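All remarks here apply to the structure that follows.
Here the structure is a predicted model, which is why all the values come from computation and not from measurement.
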Amino acid sequence: MKLSSYLSKEKIISNLKGETFEELITNLLTELAKTNKQVKMEKEIMKKAILKRENEASTYIGHGVAIPHARLEYFDDIIIAMAFPEKKITMTSLTGEEEIVEFIVLIIADVLKNKNILKIMSGISRLCLKNRDILKEILTYKSSEKTLEILTKANIEINHTITAEDLLSTSIIPAKENNTLEDIAKRIIIDQVTGIPVVDSQNNFLGEITERELISFGMPKHTTILNDLSFLIIGEPFENYLVNEKITIIKDLYRIEGIITIDRDAPLMEISYIFMNKGVTRIYVTENNKYLGTIFRSDIIKKILHI
């Protein structure tokens, strides 16, 4: 199904009024209620559900785009609406910075239609984050007629099979072979991850560097063959690391074995099976060995069980 088929001119609001995010949502629902009886009847329920979801985790995806959404019980429909705020309302980005919201895409669906919501959100994310020229054109006009025309021409397909492309995250910037131990340690702390993919200058996937490799580098080499270290009383762990962290690069340290990669079209069932049976917490998504993104085990919970 095409993204444009979910829309009509009445569902695309130019110059949406509101001084806060809550006011924007209130006014957007009010506009939708003019042509949708179900929204008119359940406007307050929808507003409460949307704001509750927003309080749990921001739906701002960056580049001026927010995708607030809600799941309602016994709501036998899917509503997609778009709006352009009249005033400069800000939301917090993934990096913790305040950014101006220029484009709001609202999704309301039944509580059992997670798959539909995720696919629609994925399609919108691809539109906004990967097809930047289309987003730029939409924001240039900020009109219902032109937005519908642009989206119809873009011919964005929303299928209903959840794949790796829907789940992957591109927020983790890959490491390079010439990164130092210090570079990686800082990244692990700042990005709050346990491992980072490694790519070459052409974005070919090479492997991963993890907490384990950093800790292993800091330990005396002979400790890896011992079962009991209680008798060791000389030397301090991590002396080698602290002396060499600024000059040692990860070229010969990153892991190349025991890593799982999948294609962007791998289905959800395959991904879930790997997490359940292979003992991994992250899977790397590639296409022709080019790195596309990472799926973390927690993404199954965030994006499927609690979308």
Exercise for the section: Run the salt-bridge test on E22 and K47 with the 4.0 Å N-O cut-off and return the result as yes or no. Expected result: yes
Practice task
Using ring pair (Phe, Tyr, Trp, His ring centres under 6.0 Å) as the criterion, list what pairs up with Y60, not counting sequence neighbours.
Solution key: none
Handout entry: Cluster overlap L3 with V65, hydrophobic side-chain contacts below 4.5 Å
Key = yes
Exercise for the section: Ignoring hydrogens and angles, state whether a donor on the side chain of E10 or S8 is under 3.5 Å from an acceptor on the partner side chain. Expected result: yes
Exercise for the section: Apply salt bridge (Lys or Arg N to Asp or Glu O under 4.0 Å) to K246 and list each qualifying residue two or more places apart in sequence or on a separate chain. Expected result: E182
Practice task
Classify the ring geometry between F217 and Y241 as parallel (under 30°), tilted (30 to 60°) or perpendicular (over 60°).
Solution key: perpendicular
Exercise for the section: Examine the side chains of Y254 and E177 and answer whether a donor and an acceptor come within less than 3.5 Å of each other. Expected result: yes
Problem - Salt bridge flag under 4.0 Å for residues K52 and E56 - result: yes
Exercise for the section: Answer with yes or no whether the side chains of T30 and K43 bring together a donor and an acceptor at under 3.5 Å. Expected result: yes
Practice task
Quick one: list whatever passes ring pair (Phe, Tyr, Trp, His ring centres under 6.0 Å) with F275, sequence neighbours left out.
Solution key: none
Practice task
Check whether the side chains of T180 and E245 place a donor and an acceptor atom closer than 3.5 Å, and report yes or no.
Solution key: no
Problem - Pair K2, N155: side-chain N/O donor-acceptor within cut-off below 3.5 Å - result: yes
Exercise for the section: Compute whether any side-chain donor of one residue and acceptor of the other, for E23 and T26, lie under 3.5 angstrom apart. Expected result: no
Exercise for the section: Give a yes or no on whether a salt bridge exists between R71 and D110, defined as a side-chain N under 4.0 angstrom from a carboxylate O. Expected result: no
Exercise for the section: Consider only side-chain N and O atoms of R282 and T194, and report whether a donor and an acceptor are under 3.5 Å apart. Expected result: yes
Practice task
Just jot down the salt bridge (Lys or Arg N to Asp or Glu O under 4.0 Å) partners of E145, sequence neighbours excluded, or say none.
Solution key: none
Handout entry: Pairs flagged by salt bridge (charged side-chain N to carboxylate O under 4.0 Å, His left out) wherever residues 283-298 is involved - sequence neighbours left out
Key = R264-E287
Exercise for the section: Hey, could you give me each pair passing ring pair (Phe, Tyr, Trp, His ring centres under 6.0 Å) that has a residue in residues 23-43? Not counting sequence neighbours. Expected result: none
